[in-house]
Each structure stands twice: as structure tokens, then as C-alpha cells.
Amino acid sequence: MGAWKDNMPAGMLLKSYPWATNLAVPNSDFTLKKFCVENAILYNDSITPLSIETFISYGEVFQKRFVPFVERKALAALEPNASGLSLRFDDGEIVHARRVVLAVGMSPFKYLPPDAAQLPAEMVSHAGDYGAFDALDGKEVVIVGSGSSATDLSALLHESGISVSILARADNLTFASPPRPRGLAQRIIGPTSGIGNGWTMEVCADAPWLVRFLPKDLRVRLANARALGPLGGAFMRDRVVGKFPIRLGRTIAEMAARYGRAHLRTTTADGREETLRADHVIFATGYRTDLDRLPFLAPEVAARMRRTGAAPALSGHYESSVPGLHFIGPSSANSFGPVCRFVYGTGHPAQHLARYLPAVLGGEEVPIVTGQTDTAVLQ
């Protein structure tokens with residue numbers, strides 16, 4: 001739960017439906033709803049928004065109950081050896097394994113536009129860097145972006161008393177529709193899936209194995225479908241619109257640091273210019289999976305890996321072209337579709353690998369690297 005605890009601000013609301021935010025364990029009914037009932041936490045499948053605090057608490061209890069054997073250490077290097085793979089950790093331990101599962105999440109793949117390098121590092125951050133807002137107290141902040149990261153973060157900064165504004169190329173901020181009952185005809189025409197409405201999202205959500213057989217270009221487009229964003233959460237509109245400056249339809253033409261502040265020269269479609277000044281610029285510009293940004297991958301491993309875009313090309317067993325090396329989570333989206341980017345998508349690899357790995361390995365342990373700080377062992 002490291003990324004949720006350390007890189008997302010307190011008070012954030014998850015965009016996904018609570019019913020679609022269950023962590024996956026084969027043959028278990030420990031759902032988010034059951035956790036909330038057991039702990040007297042208000043819950044509704046769709047109408048009540050899910051706070052990050054509730055989700056973190058659920059995740060921690062889930063981990064202690066089902067995966068107690070977690071070691072807190074960072075993976076420093078993953079290299080090939082004669083019988084499989086070697087993992088060297090930051091404490092000096094070396095583990096040899098025939099199979100390794102990488103579930104590194106999104107944090108290694110934060111995307112900053114190239115022009116961000118025009119500003120000093122201390123004036124720039126990514127929306128995924130927060131956490132606490134202590135470093136922003138008393139500062140004037142500009143958030144670049146129009147999706148849920150931008151709207152959530154700006155609302156929380158404003159409510160914390162920090163001066164904030166949004167700057168975006170989009171002409172409008174869009175928000176998910178508030179949950180409401182849907183009639184039979186609506187559900188037939190556009191069913192509600194765990195990642196969005198419509199038959200395309202339904203297939204992507206519940207049949208990722210089928211998505212893998214689609215042509216590569218179509219799979220990549222689905223993994224980054226416009227229907228998934230940029231889109232603010234359904235409960236955020238009233239906390240954003242009219243609360244602080246929002247400048248839309250603007251392109252950043254130049255960024256520079258002058259007199260200790262960031263100067264952003266912006267232009268509109270009709271050629272009007274405006275220069276914004278801020279103490280700090282936060283880029284809510286998303287994530288882009290790129291294997292070359294995993295520093296622990298040995299060059300010979302990275303070079304041997306076939307790719308779909310910049311992500312690994314995976315078999316039906318989530319296995320890369322490097323034998324024994326599996327990827328699950330967002331880094332598998334270009335092979336299995338957009339559900340891999342959601343908590344709802346954890347069920348597919350969990351169920352499949354829980355059957356597949358014991359069948360091919362017997363009782364051998366499998367290291368599962370869940371980020372750069374946690375390693376679990378599948379027994």
C-alpha cells in the first residue's frame with residue numbers, strides 16, 4: 001500500500017465504485033463491503049464515495065490476513081542466471097528464482113513533459129509525489145492538467161488554505177456523472193462495468209484474456225482509452241468549479257525561473273498570451289509505462305524483452321519474453337487492456353497465477369516484487 005499511503009493526499013476520494021474496489025484472493029469473501037461492515041464504516045456499493053483512508057485500512061488488514069510474509073526491502077538488481085533469475089536487494093541479500101512476478105504499480109512511471117526541465121527541480125513536482133502538503137505551505141501553486149489528479153489535488157490544496165490554480169490545454173473540465181439508478185434499457189445498451197459504462201468497457205473489465213488476442217495497435221488504444229480520462233471524480237465538481245482560478249484552453253509556450261519564482265507564458269488558440277507566476281508547479285500529467293525506467297532491470301534483461309509500445313509484451317500467463325519473468329498491474333495493460341490499471345483488475349492475474357504457478361513449480365517459492373520497497377513470497 002506504499003503508493004497509496006505515501007504518494008496520495010489525505011482526504012482523497014477514489015474514483016472507482018466501492019463495489020469494484022475489492023482486493024483479490026481466490027476463494028475468499030473478504031470484500032471491502034465486509035471490511036466496512038465489520039468496522040462500522042459507512043458503505044454503499046455506488047452512492048457513498050470511498051475515501052483513501054478507508055481503502056488503506058482495508059488494504060493493511062487484507063495484507064496482514066492473507067500475505068503476512070512481506071519483507072520491507074528494495075530490489076536493487078534483477079539479473080539472469082543459469083537456472084532463472086537472480087534478485088539482489090538493498091540489504092545485500094541475493095535470491096535465486098525460476099519465476100519472479102513484478103507488480104511495481106505506477107510510481108516508477110510518473111510522466112513530466114520535457115519542458116518541465118526548464119524549471120529548477122525544487123520548483124517542480126508530479127501529482128503523484130503527495131502525501132503531506134507541508135512543503136507547499138505558504139506557496140502559490142499552479143497545477144497543470146485536467147484529470148482527476150489535477151482536480152482532486154487542487155481541491156485538497158485549496159481546502160488546506162494553500163493558494164492554487166489549474167492550468168490546462170483542455171477547453172473544459174469534465175467529471176464523472178454522479179451515481180444514479182439506471183433502468184433496464186440503459187443497462188442493456190450500456191452496462192456498468194468495474195471500470196466504466198458501455199459494452200467495450202464491459203469486455204475490457206471482465207475478459208482481459210480476450211483483449212490479449214486483439215491487434216497490438218487496438219490493445220494499446222484500449223489501454224489508454226479516452227473514455228477513461230482525463231475525468232474528474234463524480235463527487236469533486238462542487239469542490240473545484242468556482243472555488244479558485246481555472247485557466248482552460250491554454251498551452252504553455254515557455255517556462256522559466258525568474259527572481260525565485262516560476263514564470264509560465266501561456267497562449268490560447270486565438271493567440272492571446274498570459275504569463276502566470278507561481279512558487280511551485282505541479283504536473284498532473286499522468287503515467288507512461290516504460291521498462292527503461294525500472295532501474296533494477298539489468299541491461300541484458302531489458303534488451304531481451306519484447307515490447308508492446310514501451311511496456312512488456314506478455315503471454316497469456318503474464319510472462320514476458322524473458323523466461324520466468326511475469327508482470328502484473330498497470331505495466332501489463334498494453335497486453336491485457338485497461339482493467340490492469342484498476343483495483344478491479346487485480347482479480348484476473350491473482351486467480352490465473354494462483355493456478356498456474358503452483359502447477360509449473362510445485363512447492364517452490366516465487367518472489368513477488370510489489371514496488372521498490374516491498375517483496376512478498378508466493379508459497
Atom of [X], atom of [Y] and distance for their closest heavy-atom approach:
X	Y	result
Met305	Leu325	CE-CD2, 3.7 Å
Ile52	Pro9	CG2-O, 3.8 Å
Ala24	Phe62	O-CZ, 3.6 Å
Val339	Pro208	CG1-CB, 4.0 Å
Tyr43	Pro18	CE1-CB, 3.5 Å
Leu78	Val301	O-CG2, 3.8 Å

Does any part of the side chain of [Y], heavy atoms only, come nearer than 4.5 Å to the side chain of [X], both counted from C-beta?
X	Y	value
Arg265	Ile252	no
Pro80	Glu300	yes
Ser335	Arg219	yes
Val95	Ser86	no
Met201	Ser193	yes
Gln118	Pro113	no
Leu156	Phe133	yes
Arg212	Tyr318	no

Looking at [Y] and [X], is any side-chain nitrogen of the basic one under 4.0 Å from a carboxylate oxygen of the acidic one?
X	Y	result
Arg88	Glu93	no
Asp279	Arg261	yes
Asp152	Arg239	no
Asp292	Arg307	yes
Glu274	Arg247	yes
Lys33	Asp45	no
Glu159	Lys243	no

Same cluster or not: [X] versus [Y], using hydrophobic residues (I, L, V, M, F, W, Y) connected whenever any side-chain heavy atoms lie under 4.5 Å apart?
X	Y	value
Phe35	Leu14	yes
Val240	Val144	no
Ile143	Leu136	yes
Tyr17	Val203	no
Val360	Val322	yes

Is the Lys NZ or Arg CZ of [X] less than 6.0 Å from the centre of [Y]'s six-membered ring, within 45° of the axis?
X	Y	answer
Arg288	Tyr111	yes
Lys73	Phe89	yes
Arg65	Phe30	yes

Using atom types as modelled and distance alone, determine if a side-chain donor or acceptor of [X] lies under 3.5 Å from a backbone N or O of [Y].
X	Y	value
Asn7	Gly128	yes
Asn22	Trp19	yes
Thr308	Ala311	no
Arg341	Gly329	no
Trp199	Ile188	yes
Lys15	Leu231	yes
Asp90	Ala76	no
Arg293	Lys110	yes

Trace of the side chain to side chain contact (heavy atoms under 4.5 Å, CB included) decision for Leu87 with Val100: CA-CA 9 Å; Leu87 299 90; Val100 175; 3.6 Å; yes
Start with the C-alpha distance between Thr275 and His263, add both sets of side-chain angles, then the distance that settles side-chain hydrogen bond (donor to acceptor under 3.5 Å, both in side chains), and finish with yes or no. CA-CA 6 Å; Thr275 297; His263 289 234; over 6 Å; no
For Asn81, I'd like to know if atom CG has over 12 heavy atoms of other residues, nucleotides or ligands within 6.0 Å.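 Yes, because the 6.0 Å sphere around CG of Asn81 holds more than 12 heavy atoms from other groups.
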Just checking Ile47: does its CD1 atom have more than 12 heavy atoms from other residues, nucleotides or ligands closer to it than 6.0 angstrom?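 Counting neighbours around CD1 of Ile47, 12 or fewer heavy atoms of other residues, nucleotides or ligands fall under 6.0 Å, so no.
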If you apply the rule side chain to side chain contact (heavy atoms under 4.5 Å, CB included), what do you find for Val141 with Ser163, and how did you get there? CA-CA 6 Å; Val141 178; Ser163 175; over 6 Å; no
Please identify which of these residues, Arg355, His326, His352, meets the side-chain hydrogen bond (donor to acceptor under 3.5 Å, both in side chains) condition with His317.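 Considering Arg355, His326, His352, a side-chain hydrogen bond (donor to acceptor under 3.5 Å, both in side chains) with His317 is found only for His352.
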Let me confirm one number: the [atom1]-[atom2] distance from [X] to [Y], rounded to the nearest 0.5 Å.
X	Y	atom1	atom2	result
Leu75	Leu297	CG	CG	8.5 Å
Leu291	Ser331	CG	OG	7.5 Å
Arg250	Ile166	CZ	CD1	13.0 Å

Assess whether side-chain hydrogen bond (donor to acceptor under 3.5 Å, both in side chains) is satisfied between Thr251 and Thr267, documenting all intermediate values. CA-CA 5 Å; Thr251 299; Thr267 61; 4.8 Å; no
Check the pair Ser83, His96 against side-chain hydrogen bond (donor to acceptor under 3.5 Å, both in side chains), reporting the backbone distance first and the verdict last. CA-CA 8 Å; Ser83 59; His96 303 288; over 6 Å; no
Centroid separation His126 to Phe283 less than 6.0 Å: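 Centroid separation for His126 and Phe283: 6.0 Å or greater.
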Go through the steps to decide whether Ser51 and Thr54 satisfy the test side-chain hydrogen bond (donor to acceptor under 3.5 Å, both in side chains), and finish with yes or no. CA-CA 5 Å; Ser51 73; Thr54 296; 3.1 Å; yes
Taking it one step at a time, do Leu153 and Val164 satisfy side chain to side chain contact (heavy atoms under 4.5 Å, CB included)? CA-CA 10 Å; Leu153 190 57; Val164 65; over 6 Å; no
Specify whether His348 and Tyr344 have parallel, tilted or perpendicular ring planes, treating 30° as the upper limit for parallel and 60° as the lower limit for perpendicular.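 Answer is perpendicular, since the angle exceeds 60°.
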Go through the steps for Leu42 and Cys36 under the test side chain to side chain contact (heavy atoms under 4.5 Å, CB included), then give the verdict. CA-CA 7 Å; Leu42 184 65; Cys36 290; over 6 Å; no
If we count only N and O atoms by modelled type, under 3.5 Å, do the side chains of Thr268 and Asp270 hold a donor and an acceptor together?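 Thr268 vs Asp270: donor-acceptor pair found between side chains.
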Run the ring-ring contact (aromatic ring centres under 6.0 Å, His included) test on Trp209 and Phe336 for me, step by step, so that the C-alpha distance in whole Å, both residues' side-chain angles and the decisive distance to 0.1 Å come before the verdict. CA-CA 6 Å; Trp209 55 270; Phe336 287 90; over 10 Å; no
